[in-house]
Every structure is written in structure tokens, then in C-alpha cells.
There are 2 protein chains.
Amino acid sequence: MLSQKTKYALKALLYLAEQDVNHISKTVEIAEAASIPKKFLEQILLDLKRGHFVGSKQGKFGGYYLLKSKNDITLADIHRLFDGAIALLPCASLNFYERCSDCVDESECLLRHGLITIREETLKAMQGITIASLVKK
Amino acid sequence: MLSQKTKYALKALLYLAEQDVNHISKTVEIAEAASIPKKFLEQILLDLKRGHFVGSKQGKFGGYYLLKSKNDITLADIHRLFDGAIALLPCASLNFYERCSDCVDESECLLRHGLITIREETLKAMQGITIASLVKK
DNA sequence: TTAAACCCTACTAGTTTTATAGAATTAATT
DNA sequence: AATTAATTCTATAAAACTAGTAGGGTTTAA
């Protein structure tokens with residue numbers, strides 16, 4: 001399941017994607033439009049900025065805007081930024097790989113094989129969902 | 001990500017699937033073979049029993065055994081039993097549906113549409129992984 | 001009757017999640 | 001230069017969840 005943070009991040013990105021190009025959105029504006037607690041959204045937007053998904057302008061009349069194209073921001077990206085691995089266990093993860101402490105021989109782990117299959121399929125599905133594809137529907 | 005409980009449940013089921021038919025496995029036996037804390041495993045096996053995946057025999061020389069066929073226990077089943085919904089948000093879930101409190105018109109929620117697609121694809125993938133398919137590989 | 005197993009409920013320590021608070025920094029306007 | 005309005009940063013806190021422990025109770029075979 002997605003965390004609230006990931007859900008809010010996606011809603012915020014959807015809001016930004018729906019604005020005119022060159023429009024800059026204030027945090028409070030996004031917060032109200034998408035029903036997100038303002039101070040919580042601040043942190044989320046900062047994380048999105050550090051992830052290079054959005055850009056910001058500081059000071060008066062500042063705000064946020066999409067940095068990447070709507071087509072290049074996928075559900076997989078945002079999931080990884082806020083909720084981490086797509087895989088169901090760290091040992092089956094590409095980006096968040098970690099060995100199981102209790103695992104004697106990873107290459108012979110019955111569970112891992114299946115989880116790698118699942119990861120490949122869900123990753124593909126999640127990479128198919130972009131901010132653009134969501135806005136379009 | 002899977003919780004430890006789900007991971008342990010799968011490992012326990014894999015162990016049971018590898019035993020001879022008619023063999024009955026004690027908790028302590030499974031716990032040692034699969035490196036699972038015994039008292040924790042007790043709870044997990046009880047949950048699996050309540051979910052009708054395993055059966056038990058009480059008293060001396062009792063233990064656990066697979067109730068369903070290896071082919072009929074899927075990753076989706078076990079995920080749902082211990083970790084709940086397959087979907088990424090409750091509003092996109094089949095078995096754990098819940099409305100978003102902040103959602104005005106669900107049918108027009110941009111996010112939900114994409115999440116339903118994802119759920120359909122991951123569910124299909126997770127239903128394709130069975131205890132039998134894991135043991136076989 | 002005893003031993004060995006499952007069954008059941010409660011509890012706890014630690015972690016994670018979901019925020020909130022408040023001050024610092026930046027930039028445009030007056 | 002002062003003011004205002006915005007982002008940026010760090011710390012804190014309450015609630016929920018996770019992973020595991022504890023301690024019995026119940027059942028069955030010998």
C-alpha cells in the first residue's frame with residue numbers, strides 16, 4: 001500500500017500537471033486544491049525537489065512547478081522516492097537490494113525466485129503509469 | 001513490501017509442501033528448519049489454520065499439514081491474509097475496499113483509475129505464484 | 001496421569017508514519 | 001531599507017504498526 005506521503009505527492013504532481021505551462025503554484029494553493037495539510041505538503045514538495053521532479057522559485061511570488069515532463073514521471077519513480085523498493089522483499093529488489101540475514105544460500109532461496117518475477121511484472125506496470133497518463137484519463 | 005509475518009508464513013508453507021504426504025510437522029520443527037522464532041511462528045500457523053490453508057492435529061504427536069493443494073495457495077492469498085490489500089490504495093481494492101475520506105467524487109479521481117490498473121496487473125501476477133510453483137523451481 | 005503438542009490472549013519495546021511548530025532564508029515590492 | 005510573502009530547514013510529538021515475548025490453557029497419545 002502507498003503511504004499518505006506518496007499519495008499526497010502524486011496528487012500534488014497531478015495538480016501541477018494540470019496547470020498552464022509557466023504557471024507557478026504556491027504550496028498553500030496545492031494544499032487546498034488537493035486537500036493536503038500544508039506543512040506536511042511542504043516537506044513532500046521539498047523531497048520532490050530533491051528528487052528533481054519539481055523545481056521551485058523562492059521568495060515572494062515563488063512556488064513550485066514541474067521540472068520533468070509529465071511523461072517522464074512514473075508511479076514507480078514516486079513510489080521509490082517515498083516508499084522505497086518496488087519488490088516485496090529487499091533481496092528481490094533492484095534499487096534497494098539487501099541480503100536476508102537469515103538466508104543461507106540466496107541463489108537457492110525458493111521464495112526469492114518468485115519475488116523477482118513479481119518485481120519484474122509490477123515494475124513494468126508501474127512504469128507504465130505516468131503523471132501524463134493519469135491526467136489524460 | 002512483505003511483512004516478516006508474510007515472509008515467515010510463506011517459508012512455513014514451503015516447508016510443509018516439501019514434506020511427504022501424511023507427514024505432520026511440529027511447530028518447533030518448522031521453526032528450526034526455516035529460522036523462524038517459535039512463539040511467533042505459532043501465531044502465524046494459527047492464522048494460516050483460520051484461513052484454511054493448513055490443518056492441525058492437537059495433542060501429543062500433533063502438528064501441522066497442508067490443507068489446500070500446493071497449486072491452490074497463491075502469493076495473493078497469503079498477502080491478503082497477513083498484509084491485507086493487494087491494491088496500492090484502499091479505494092482501488094477489491095477485498096479491502098474503503099473510500100478515501102478526502103475524495104469528493106471517486107469516479108472522477110485521476111489517481112484511482114491508474115491504481116485499479118496496477119491492482120489488476122499485480123493481482124494477476126501474484127495469483128500466478130503458487131506454493132507449488134515456488135517449490136518446483 | 002503425564003508428556004508433548006497446539007491454542008489463546010495479553011503485553012511490550014521499538015520503529016514508522018503522519019503530521020505540527022517555529023525559525024531561517026530568499027526575493028519582490030514599497 | 002523595510003516589509004511582505006514565499007520557500008527551506010530542523011526538531012518534536014502523537015498515534016499506529018510491527019515483531020516478538022510471556023504465560024498460561026486445552027487436547028491427545030501413551
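Just so we're on the same page: letters track the sequence lines, and every chain starts at 1. No experiment lies behind these values; they were computed from the predicted model shown.
- Between A/A87 and B/M1 the shortest heavy-atom distance is O-SD, 3.1 Å.
- Atom pair B/K60:NZ and C/dC7:P shows a separation of 18 Å (rounding to whole Å applied).
- Neither OP1 nor OP2 of D/dT7 sits under 4.0 Å from any side-chain N or O of A/R50.
- Partner of A/L110 under the side chain to side chain contact (heavy atoms under 4.5 Å, CB included) criterion, chosen from B/E18, B/K11, B/K136: B/E18.
- When heavy atoms are screened at a 4.0 angstrom cut-off, A/Y8 is found touching the sugar-phosphate backbone but no base atom.
- Distance OH (A/Y64) to P (D/dA5): 18 Å, rounded to an integer number of Å.
- Using a 4.0 Å heavy-atom criterion, one finds that A/F40 contacts the bases of the nucleic acid, with or without backbone contacts as well.
- Position along DNA chain D of the nearest nucleotide to B/Q58 versus B/D83 favours B/D83 as the more 5'-ward residue.
- No donor-acceptor contact under 3.5 Å links the side chain of B/K38 to the base of D/dG20.
- If you check every strand for non-hydrogen atoms under 4.0 Å, A/K39 touches a base.
- Regarding B/M1, its CE atom lies at a distance of 16 Å from the C1' atom of D/dC17, rounded to whole Å.
- Close to D/dT8, at under 4.0 Å from its OP1 or OP2, lies a side-chain N or O of A/S56.
- Computed from coordinates, the B/L48 CG to C/dC7 P distance equals 12 Å when rounded to whole Å.
- For B/F61, the listed nucleotide lying nearest its side chain is D/dA29; candidates were D/dG20, D/dA29, C/dA5.
- We find that NZ of B/K26 is positioned 18 Å from P of D/dT28, with the value rounded to whole Å.
- Below the 3.5 angstrom threshold, one finds no donor paired with an acceptor across the side chain of B/K5 and the base of D/dG20.
- Here the shortest heavy-atom pairing between B/D83 and B/L2 reads OD2-CA, 3.4 Å.
- Here D/dA19 presents its C1' atom at 13 Å from CG of B/L41, a figure rounded to the nearest Å.
- Distance CG (A/L45) to P (D/dA6): 14 Å, rounded to an integer number of Å.
- There is no side-chain donor-acceptor pair under 3.5 Å between B/Q19 and B/Y65.
- In this structure, OH on B/Y64 lies 13.0 Å from NZ on B/K57, to the nearest 0.5 angstrom.
- Contact detail for B/L67 and B/G55: the closest heavy-atom pair is CB-N, 3.8 Å.
- Not one side-chain nitrogen or oxygen of A/S3 sits closer than 4.0 Å to the OP1 or OP2 atom of C/dT16.
- A/Q43 contributes a side-chain N or O that forms a donor-acceptor pair with the base of C/dT20 under 3.5 Å.
- When rounded to the nearest whole Å, the span between CG of B/L46 and C1' of C/dT9 equals 11 Å.
- Using a 4.0 Å heavy-atom criterion, one finds that B/G62 contacts the sugar-phosphate atoms exclusively.
- Contact annotation: A/K57 side-chain N/O to C/dA28 OP1/OP2 distance is under 4.0 Å.
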